[in-house]
Amino acid sequence: MSTSKRHVKTHSTYAFESNTSNVAASQMRNVLNRLVDSVEDDDKRQKFENEMDSFFTLFRRYLIEKSQSNNILDWDKIKSPNPEEVVSYAKIDPELAGNTENLSKLAVLKLNGGLGTSMGCVGPKSVIEVRDGNTFLDLSVRQIEYLNRTYDSDVPLLLMNSFNTDKDTAHLIKKYSGNRIRIRSFNQSRFPRVYKDSLLPVPTEYDDALDAWYPPGHGDLFEALHASGELDALIAQGREILFVSNGDNLGATVDLKILNHMIETGAEYIMELTDKTRADVKGGTLINYDGQVRLLEVAQVPKEHIDEFKNIRKFKNFNTNNLWINLRAIKRLVESSSLEMEIIPNQKTIMRGGHEINVLQLETACGAAIRHFEGAHGVVVPRSRFLPVKTCSDLLLVKSDLFHLQHGALVLDEQRFGPNPLIKLGSHFKKVSDFSSRIPHIPKIVELDHLTITGNVFLGKNVTLRGTVIIVCSDGQKIDIPNGSVLENVVITGNLQILEH
């Protein structure tokens with residue numbers, strides 16, 4: 001009896017929550033109208049009004065879902081995907097890789113809305129130098145240029161910027177104007193952050209400070225692509241498929257086998273998955289739910305099943321966010337308002353009047369849209385197609401001798417055996433500037449399995465790391481690894497300084 005009571009809400013409870021939601025929605029609508037009224041320029045006003053309408057739709061959905069707690073899935077309904085819902089890359093006909101005709105139907109989009117602040121950099125993350133003087137954006141451009149030159153194709157590159165990255169990116173892409181590539185960019189929406197306690201918008205006018213606004217996650221891709229006119233332009237050019245990936249995933253290159261597989265199967269949406277490791281236990285995975293293929297994210301998992309979700313034997317692969325999407329299907333779903341992706345409430349703090357204020361931003365992810373597309377399925381790809389650079393630990397990996405650069409793509413050294421090494425650098429290496437000063441010369445790591453470095457540590461020239469290497473420097477001390485050192489299966493702690501005479 002007590003169990004059933006815990007899950008049942010009384011009519012009066014629902015009525016109270018419904019009334020509270022209606023009041024919050026009404027107050028939000030009034031403030032958004034005032035924000036729109038603060039815009040004097042007619043063209044800006046129309047675009048802004050559309051954005052605020054989209055935000056209000058998202059906000060109202062959030063209120064309903066919050067009151068019903070229906071973002072948590074029923075665990076008993078979660079099943080493994082059917083064989084046709086997740087296929088192995090290795091089992092796709094290898095002859096499809098030789099067909100280049102369908103490149104005329106392809107466009108490539110890089111998600112370029114992020115800043116480099118988490119790595120201590122100013123401006124768009126895409127301008128961080130990754131390898132041999134090349135930035136993320138340089139490598140993306142070089143890849144598409146090589147593709148077009150090799151196959152005499154004309155695949156365009158699109159960049160989805162945010163209001164944080166738009167101005168800098170517009171300046172940067174000018175340097176590619178003479179290259180064999182067409183680069184287009186458009187902005188995702190600009191939504192108002194809301195106060196966590198009152199659920200009212202932080203900004204009071206259109207030109208309010210930037211920290212009052214946020215880009216609403218890459219799930220905004222569909223609406224933004226449509227609103228910008230780029231969707232209709234691509235369709236008019238005869239483009240049918242959009243290959244989408246994160247701008248910092250250096251493994252996300254155009255793959256002819258997947259492109260032709262998509263056209264051959266008639267799928268409207270393909271998500272690239274790859275096998276989980278212990279470093280990926282929180283990654284979203286594809287499931288079958290009520291007979292429908294869906295993306296299951298950790299936020300949707302009941303607390304008592306979190307450990308089960310993280311079990312890499314049960315959920316073997318995860319979403320790389322390399323997505324292949326049919327453009328006409330996007331147009332159909334956006335224009336019919338059929339794309340309802342799970343809402344991700346993201347809590348942040350901002351400074352107001354010298355005080356930290358808790359705010360909320362409502363986001364969506366484009367992977368969650370998979371359930372709305374016909375014939376959608378996952379393809380389990382090699383790990384080499386997932387090479388993101390989120391931290392300086394990742395940066396060490398991609399700068400190392402483990403890879404060499406080939407036409408803008410990173411190619412794994414053939415001497416490497418097994419998965420990529422697990423690298424964990426401590427807080428002293430969080431910023432790119434600190435990383436560069438502490439590891440000015442990238443060590444040789446072809447035979448490395450695991451590296452942990454924490455504390456005040458500096459690496460010299462021509463250092464070789466093999467097996468498992470752990471370097472832990474205590475507070476107030478310093479460890480200098482001398483030039484030419486070979487460290488294999490060692491633990492170094494305490495204090496170590498070699499003075500050169």
Side-chain angles (χ1 to χ4, degrees), residues 81-82 84-87 89 92-93 96-97 99-111 144 147 153-160 182 184 186 188 217-246 249 252-273 284 286 292-295 319-342 364-381 385:
N82 299 323
E84 67 273 13
E85 290 172 339
V86 173
V87 301
Y89 180 86
I92 297 174
D93 185 355
L96 291 176
N99 180 3
T100 63
E101 291 179 10
N102 288 323
L103 285 172
S104 62
K105 300 175 181 176
L106 179 69
V108 173
L109 185 143
K110 293 290 182 181
L111 300 169
I144 304 297
L147 185 78
S153 56
D154 186 28
V155 175
L157 174 64
L158 282 84
L159 304 172
M160 185 171 83
R182 287 185 295 142
R184 302 277 301 169
F186 64 97
Q188 63 184 120
H218 42 65
D220 184 50
L221 161 68
F222 307 105
E223 289 275 358
L225 189 66
H226 184 273
S228 67
E230 294 295 336
L231 178 62
D232 285 337
L234 289 170
I235 291 171
Q237 293 165 22
R239 307 290 168 181
E240 295 179 17
I241 293 170
L242 189 66
F243 173 44
V244 179
S245 64
N246 294 341
N249 182 5
T253 57
V254 170
D255 187 290
L256 286 168
K257 198 158 88 159
I258 299 176
L259 170 65
N260 291 313
H261 165 75
M262 184 170 183
I263 289 170
E264 190 176 77
T265 58
E268 292 184 343
Y269 188 115
I270 286 177
M271 173 185 289
E272 292 186 35
L273 309 165
L286 285 188
Q292 183 184 56
V293 66
R294 287 178 66 152
L295 179 66
N319 172 26
T320 65
N321 219 39
N322 297 349
L323 309 170
W324 302 74
I325 312 174
N326 183 283
L327 290 164
R328 289 190 181 278
I330 294 175
K331 183 176 173 68
R332 181 188 77 238
L333 291 166
V334 170
E335 292 183 352
S336 62
S337 301
S338 300
L339 282 171
E340 284 198 356
M341 290 156 283
E342 286 75 13
T364 57
C366 50
I370 188 169
R371 63 193 173 103
H372 296 291
F373 290 82
E374 298 294 326
H377 61 275
V379 173
V380 183
V381 298
R385 292 190 56 75

(Q) Test side-chain contact (heavy atoms from CB on, under 4.5 Å) on N321 and C366; report intermediate values, then the result. (A) CA-CA 8 Å; N321 219 39; C366 50; 4.1 Å; yes
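- For the residue pair I325 and F373, the shortest heavy atom distance occurs at CG2-CE2, 3.7 Å.
- Counted by atom type alone, N322 and N249 present one or more donor-acceptor pairs between their side chains at under 3.5 Å.
- Contacts of S104 classified as side-chain contact (heavy atoms from CB on, under 4.5 Å), with partners at least two apart in sequence or in another chain: none.
- If you take NZ on K105 and CD1 on I263, they are separated by 4.5 Å, rounding to the nearest 0.5 Å.
- With sequence neighbours excluded, no residue forms a ring-ring contact (aromatic ring centres under 6.0 Å, His included) with F186.
- Atom CE of M262 is separated from atom OG1 of T265 by 7.5 Å, given to the nearest 0.5 angstrom.
- Within 6.0 Å of atom CD in E101, 12 or fewer heavy atoms from other residues, nucleotides or ligands are found, so the atom counts as exposed in its surroundings.
- For R182, the CZ atom is densely surrounded, since the number of other residues' heavy atoms within 6.0 Å is greater than 12.
- Judged by distance alone, the side chain of K331 and the main-chain N or O of L231 form no donor-acceptor pair under 3.5 Å.
- Every residue meeting the salt bridge (Lys or Arg N to Asp or Glu O under 4.0 Å) condition with E268, not counting sequence neighbours, appears here in chain and number order: R332.
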Q | Worked verdict on I258 versus R385 for side-chain contact (heavy atoms from CB on, under 4.5 Å) | A | CA-CA 12 Å; I258 299 176; R385 292 190 56 75; 4.2 Å; yes
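- Atom CG of N326 and atom CD1 of I235 lie 8.0 Å apart (nearest 0.5 Å).
- For V155, the side-chain contact (heavy atoms from CB on, under 4.5 Å) partners are L103, L106, V108, I144, L147, N148, S153, not counting sequence neighbours.
- A distance-only check finds no donor-acceptor pair linking the side chain of Q188 to the backbone of H218 [under 3.5 Å].
- When the ring-ring contact (aromatic ring centres under 6.0 Å, His included) test is applied to H372, no partner is found at least two apart in sequence or on another chain.
- Heavy atoms only, all atoms of each residue included: P156 and R239 are closest at CD-CZ, 3.6 Å.
- Shortest non-hydrogen contact noted between K257 and Y89 is NZ-O, 3.1 Å.
- The side-chain heavy atoms of W324 and H261, taken from C-beta on, include no pair separated by under 4.5 Å.
- When all heavy atoms are compared, the tightest approach of N260 to N99 is ND2-O, 2.9 Å.
- Note that the CG atom of L339 and the CG atom of D220 stand 11.5 Å from one another [nearest 0.5 Å].
- Note: L327 CG to E240 CD = 8.5 Å, rounded to the nearest 0.5 Å.
- Between K110 and S245, the shortest heavy-atom distance links the atoms NZ-OG, 2.9 Å.
- Among all heavy-atom pairs drawn from L225 and I330, the shortest one is CD2-CD1, 4.3 Å.
- Distance check, rounded to the nearest 0.5 Å: CG of L234 to CG of L158 gives 5.5 Å.
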Q | Working for side-chain contact (heavy atoms from CB on, under 4.5 Å), residues E272 and F243 | A | CA-CA 11 Å; E272 292 186 35; F243 173 44; 3.7 Å; yes
**Q.** Stepwise side-chain contact (heavy atoms from CB on, under 4.5 Å) test for I270 and H377
**A.** CA-CA 5 Å; I270 286 177; H377 61 275; 3.7 Å; yes
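- Listed by first and then second residue, the salt bridge (charged side-chain N to carboxylate O under 4.0 Å, His left out) pairs involving residues 367-377 are E342-R371 (not counting sequence neighbours).
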